[in-house]
Each structure stands twice: as C-alpha cells, then as structure tokens.
Amino acid sequence: MNINNPKFEISATSPNQYPKNNLPEIVLVGKSNVGKSSFINTMINRKKLARTSSEPGKTRQINFYNIDDLFYFVDLPGYGFSKMSKKEQVIVGKFIEEYLFNRKNIVLVIFLIDIRHNPTENDKLMYDYIIRSGLPCIILANKADKIAITKVSEQVKDLQKKLNPIGDIPTFPFSSERKIYQNDVWNFIDKLLNS
C-alpha cells in the first residue's frame with residue numbers, strides 16, 4: 001500500500017475527543033516499549049510521525065493517526081509500566097477499556113509482543129481481554145531483528161502456541177529494522193479493509 005499523506009490527528013483521553021468521521025480503526029495494543037510507535041512509522045515509511053521513546057510509559061493518551069483518510073492507526077497506552085502511579089494506571093485502564101468495548105469503528109486489534117520473551121502475565125491478561133472483547137485480532141511478534149533470521153519462524157510458532165494454542169489468530173513476525181516483514185501485515189490489512 002502506498003501511503004502519501006499520513007498525519008497525527010488527536011490525542012484523546014475521553015470519547016468526546018475521538019474522531020467523528022467513521023473511518024475504520026486499527027488498534028495497537030502491547031506492553032510499554034514493545035514498539036507500537038515504531039510499528040506505525042515503519043508501516044507508513046516515516047521516521048517520526050509517531051513519537052518513539054526509549055523511556056517506557058510515554059503514551060498516556062489514545063493517539064489517532066489518520067492514514068490517507070482510509071483508516072486510523074490507533075496507538076493505545078502501553079501496559080505493565082511500573083513507574084506509572086496506581087491512580088494513573090486505573091485512569092488509563094478505564095479509558096482503554098471504555099474505548100475497546102464501546103468504539104464501533106474498530107476493525108482490527110494488532111497485539112504486539114516481544115519475540116525474544118515468553119508472554120508475561122500482563123500479556124496473557126491483555127490477550128484474554130482482547131478475546132473477550134470479540135474484536136478481530138492478529139499477533140505481531142515484534143523486534144524480530146533482535147534474533148537470528150533463521151530462528152524467527154520457529155520463535156513465532158512458539159509464541160503462538162503459548163498465547164493462541166488453537167492457532168485461529170494469525171501471527172506474524174515484525175521488525176522496524178528488517179522491513180522484510182511489513183508486506184505480510186499490509187496484505188492482511190488490505191484484505192480486511194477491502195472485504
């Protein structure tokens with residue numbers, strides 16, 4: 001997919017701030033620092049549209065990126081960030097829940113997980129939460145550049161077995177460094193938006 005004019009549209013903390021134009025929304029979920037912002041920048045071939053940070057827990061709002069007026073990438077705050085106060089975690093948790101369960105524009109949840117590590121308890125909780133929401137989902141085993149290229153497919157299968165043993169959720173490797181994986185994700189998104 002050729003992206004010509006992606007733009008950051010709004011950071012929202014309540015439903016009255018969400019975009020009103022009814023474009024489909026593709027939502028990125030994952031723990032702090034798993035690479036959601038880098039995923040957006042890689043997919044649209046921009047270096048800095050989505051702000052990245054080496055400091056986890058930077059995203060505290062729901063960020064809407066308008067992709068050529070075709071759809072939004074929606075970046076949710078990362079979970080499992082210990083430096084966020086308990087009160088902040090509750091507030092952020094509530095508006096994530098409110099968004100995921102009530103927003104009618106969501107067409108896909110992309111669940112990012114670090115390919116190098118076993119799913120954490122927080123990852124499993126979030127995965128169960130997505131499944132309960134009934135939303136279409138894919139799993140992205142991110143940071144695939146951090147392991148040998150020969151081990152990627154084996155590691156993806158292993159992660160899928162641990163999170164989704166029945167294998168009904170597509171699972172793809174991804175890397176913002178090795179751009180070889182992004183076509184598979186674009187093909188999936190393309191089919192979804194055009195079905």
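For NZ of K20, the number of neighbouring non-hydrogen atoms (other residues, nucleotides, ligands) closer than 6.0 Å is greater than 12. Within a 6.0 Å sphere centred on NZ of K146, heavy atoms belonging to other residues, nucleotides or ligands number 12 at most. Surrounding CG of N2 are at most 12 heavy atoms belonging to other residues, nucleotides or ligands under 6.0 Å away.
Defined by atom type and a distance below 3.5 Å, a donor-acceptor pair is present between the side-chain atoms of Y72 and E9. There is no side-chain donor-acceptor pair under 3.5 Å between T120 and N122.
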Checklist entry - Is there a side chain to side chain contact (heavy atoms under 4.5 Å, CB included) between L100 and L76 once you walk through the steps? => result CA-CA 10 Å; L100 281 178; L76 294 191; 4.2 Å; yes
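Looking at heavy atoms from C-beta onward, K143 lies out of side-chain contact with L112 at the 4.5 angstrom threshold. Residues L163 and F111 are in side-chain contact: their nearest non-hydrogen atoms beyond the backbone lie under 4.5 Å apart. For the pair W186/M43, a side-chain contact is recorded, criterion being any heavy-atom separation below 4.5 Å from C-beta on. Between N41 and K48 the shortest side-chain heavy-atom distance does not fall below 4.5 Å. Side-chain contact between L108 and F188: present, with at least one pair of heavy atoms (C-beta onward) separated by less than 4.5 Å. Within the 4.5 Å cutoff, the side chain of P77 has no heavy atoms near those of the Q61 side chain. Counting heavy atoms from C-beta on, the side chains of N142 and I115 never come closer than 4.5 Å. Taking the side chain as every heavy atom from C-beta outward, V107 and E25 never approach each other to under 4.5 Å.
Proximity of a side-chain donor or acceptor of D114 to a complementary backbone N or O of R116 within less than 3.5 Å is detected. With hydrogens and angles ignored, the 3.5 Å screen pairs a side-chain donor or acceptor of R46 with a backbone N or O of I44. Distance alone, capped at 3.5 Å, places no donor-acceptor pair between the N105 side chain and the P24 backbone. Using a distance-only test at 3.5 Å, with no hydrogens or angles considered, no donor-acceptor pair links the side chain of S153 to the main chain of K151. At distances below 3.5 Å, at least one donor-acceptor pair connects side-chain atoms of Q17 with backbone N or O atoms of S14.
Under the rule for a salt bridge (charged side-chain N to carboxylate O under 4.0 Å, His left out), K157 has no partner lying at least two apart in sequence or in another chain. By the side-chain hydrogen bond (donor to acceptor under 3.5 Å, both in side chains) test, N102 is found to be paired with E98, residues two or more places apart in sequence or in another chain being considered. Taking D158 as the reference, K162 meet the salt bridge (charged side-chain N to carboxylate O under 4.0 Å, His left out) condition, with sequence neighbours excluded. Under the rule for a salt bridge (charged side-chain N to carboxylate O under 4.0 Å, His left out), D145 has no partner lying at least two apart in sequence or in another chain.
The aromatic ring centroids of F39 and F174 lie less than 6.0 Å from each other.
In this structure, CD1 in I26 is found 13.5 Å from CG in D75, a value given to the nearest 0.5 Å. In this structure, CG on N63 lies 10.0 Å from CG on L49, to the nearest 0.5 angstrom. With rounding to the nearest 0.5 Å, the separation of CG in N21 from CG in L23 is 4.0 Å. Atom-to-atom distance recorded for N45:CG and M1:CE is 14.0 Å, nearest 0.5 angstrom.
Note on residues 15-34: pairs passing ring-ring contact (aromatic ring centres under 6.0 Å, His included), not counting sequence neighbours, are Y18-F64, Y18-Y99.
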Show me the donor-acceptor pairs within less than 3.5 Å that the side chains of residues 124-139 make with the rest of the protein, sequence neighbours left out.
residue	atom	partner	partner atom	Å
Y127	OH	N164	ND2	3.0
S133	OG	I130	O	2.5
S133	OG	L135	N	3.3

